[in-house]
Amino acid sequence: MVSIDIPPHPWWKPGLDLHRGGDSYAHLLSATRGLLDAVAGVDAPEAVLAEVAGEVSRIAGRLNSYTTSDESQIAGTRMDLPGRGHPLVVPYRTTSWTSVRMTAEVTFTRIHLGDGGAVHGGVTALLFDEVLGRFANHGRQPARTAFLHVNYRRLVPLDVDLDILTKVDRAEGRKLYITAELSHDGTVLADAEGLFVAVSAQ
Ligand SMILES: CCCCC/C=C\C/C=C\C/C=C\C/C=C\CCCC(=O)SCCNC(=O)CCNC(=O)[C@H](O)C(C)(C)COP(=O)(O)OP(=O)(O)OC[C@H]1O[C@@H](n2cnc3c(N)ncnc32)[C@H](O)[C@@H]1OP(=O)(O)O
């Protein structure tokens, strides 16, 4: 995996340590993603499911006693980890970054399966909103997604390394238009255009 250091956004969570949790949080995230994949693919006897459900509930309860405000949670702030270190965000890995062009890699797994062996379309849209949104906010004013248009060109496979290419298309005042392609071996599987409108920092 290629790892690059992307500077934090100066207006975003100022003063917060963006490496909180260290390697231990990275391991927790990875184990959690593994659990989600296991649940998504399971067909076990009820007794096994009941036992595992009890263990998972106990573990969740242990973490719940450390729940913090959304401003200080770790999830979503670990820019060094796949998917910003958020368990819901698709675990893409950024591989290059300039102010006008960003590349990343992603590998979908069992939790992302829709039907017919392919990735759920909503998951593809989530990936695009995340990648375009993060790119729209990097080194610029804070901006929110006004629209996101996704074209589904081919079925998106699981367990295959895919490429993401994101570019600034044009800027018009507060409006920034960004495009992205998700491809495999040069074949575009899906592409997207998003409009991001700059807002005041909160
Ligand atoms: C502030 C925080 C931003 C969030 C970023 C978070 C973190 C950033 C930090 C690090 C980065 C890390 C991670 C980021 C990763 C992902 C981020 C994902 C981003 C999202 O997932 S974010 C959630 C979904 N998003 C919303 O929850 C938006 C709800 N919505 C609104 O908040 C307003 O709706 C808004 C602000 C969009 C506009 O409101 P507004 O009042 O500021 O501006 P206004 O309406 O005047 O429009 C101004 C000009 O845009 C044109 N325009 C507007 N909407 C249009 C549309 N749909 N189609 C075509 N044109 C449109 C108008 O026509 C006008 O054009 P013109 O100037 O030419 O007349």
Side-chain angles (χ1 to χ4, degrees), residues 1-21 25-26 28-30 32-33 68-108 111-112 119-152 156 162-182 190-202:
M1 171 177 137
V2 183
S3 178
I4 61 170
D5 194 20
I6 301 160
H9 309 257
W11 52 265
W12 189 61
K13 300 186 186 292
L16 194 69
D17 172 12
L18 299 183
H19 291 87
R20 287 177 336 291
Y25 182 79
L28 173 62
L29 185 74
S30 173
T32 301
R33 293 193 194 282
T68 184
S69 70
D70 57 356
E71 279 305 306
S72 54
Q73 68 182 34
I74 301 173
T77 68
R78 287 289 301 266
M79 303 300 195
D80 57 319
L81 298 180
R84 272 190 298 134
H86 195 293
L88 182 66
V89 173
V90 178
Y92 66 97
R93 308 168 294 273
T94 306
T95 49
S96 72
W97 197 309
T98 71
S99 60
V100 293
R101 187 180 185 278
M102 180 185 109
T103 59
E105 301 168 338
V106 67
T107 310
F108 293 100
I111 186 64
H112 305 121
V119 170
H120 192 295
V123 171
T124 304
L126 170 62
L127 172 73
F128 279 131
D129 188 41
E130 162 66 23
V131 170
L132 271 64
R134 186 167 166 189
F135 187 50
N137 278 279
H138 177 76
R140 309 177 224 270
Q141 283 181 266
R144 292 195 200 115
T145 319
F147 72 66
L148 178 68
H149 182 117
V150 179
N151 297 307
Y152 298 92
V156 176
L162 305 175
D163 298 308
I164 303 165
L165 172 60
T166 304
K167 291 179 186 171
V168 170
D169 185 63
R170 63 192 188 281
E172 297 169 2
R174 287 198 293 139
K175 298 187 291 185
L176 187 65
Y177 293 84
I178 300 184
T179 60
E181 288 179 347
L182 176 69
D191 56 68
E193 182 191 33
L195 168 61
F196 293 82
V197 176
V199 295
S200 304
Q202 295 164 336

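In listed order, ligands and their atoms are each counted from 1. Fair warning: this is a prediction, and the values are worked out from it, not measured in the lab. Below, each value reflects all heavy atoms present in this structure, side chains not excepted, and no hydrogens, waters or symmetry copies.
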>> Let's go through R84 and Y92 carefully: what are the C-alpha distance in whole Å and the side-chain angles of both, what is the deciding distance for side chain to side chain donor-acceptor pair (under 3.5 Å) to 0.1 Å, and is it a yes or a no?
In response: CA-CA 8 Å; R84 272 190 298 134; Y92 66 97; 4.5 Å; no
With heavy atoms under 4.0 Å as the rule, classify the contact between [X] and ligand 1 as side chain, backbone, both or neither.
X    : answer
A146 : both
A136 : neither
E130 : both

Nearest neighbour of [atom] from the list [options], on a heavy-atom basis:
atom                    : options              : value
atom 27 (O) of ligand 1 : H149, R144, E172     : R144
atom 29 (C) of ligand 1 : V131, V199, T145     : T145
atom 12 (C) of ligand 1 : H86, R84, H138, R140 : R84

Enumerate the atoms of ligand 1 whose separation from the nearest heavy atom of [X] is less than 4.0 angstrom.
X    : result
P142 : 1 (C)
N137 : 5 (C), 8 (C)
R174 : 40 (P), 42 (O), 43 (O), 44 (P), 46 (O), 48 (C)

Sorted by chain and number, sequence neighbours left out, side-chain contact (heavy atoms from CB on, under 4.5 Å) with R140 holds for F135, V168, L176
query: Going through the distances and angles, do R134 and M79 end up as a side-chain contact (heavy atoms from CB on, under 4.5 Å)?
result: CA-CA 10 Å; R134 186 167 166 189; M79 303 300 195; 3.6 Å; yes
Among the heavy atoms of A143, does any lie under 4.0 Å from an atom of ligand 1? yes
**Q.** Any F196 side-chain heavy atom under 4.5 Å of K175 side chain
**A.** no
Closest non-hydrogen contact found for V90 with V106 is CG1-CG2, 3.5 Å
Closest heavy-atom pair, W97 versus H138, reported as atoms and distance to 0.1 Å, is NE1-CD2, 3.0 Å
Inset, instruction - Test side chain to side chain donor-acceptor pair (under 3.5 Å) on T179 and D169 and set out the steps. - result: CA-CA 6 Å; T179 60; D169 185 63; 5.2 Å; no
### Task
Before signing off on this row, confirm whether W12 and ligand 1 have an N or O atom pair separated by under 3.5 Å.
no
| request: Can you establish whether the number of heavy atoms outside H86 located under 6.0 Å from its atom NE2 is more than 12? | output: yes
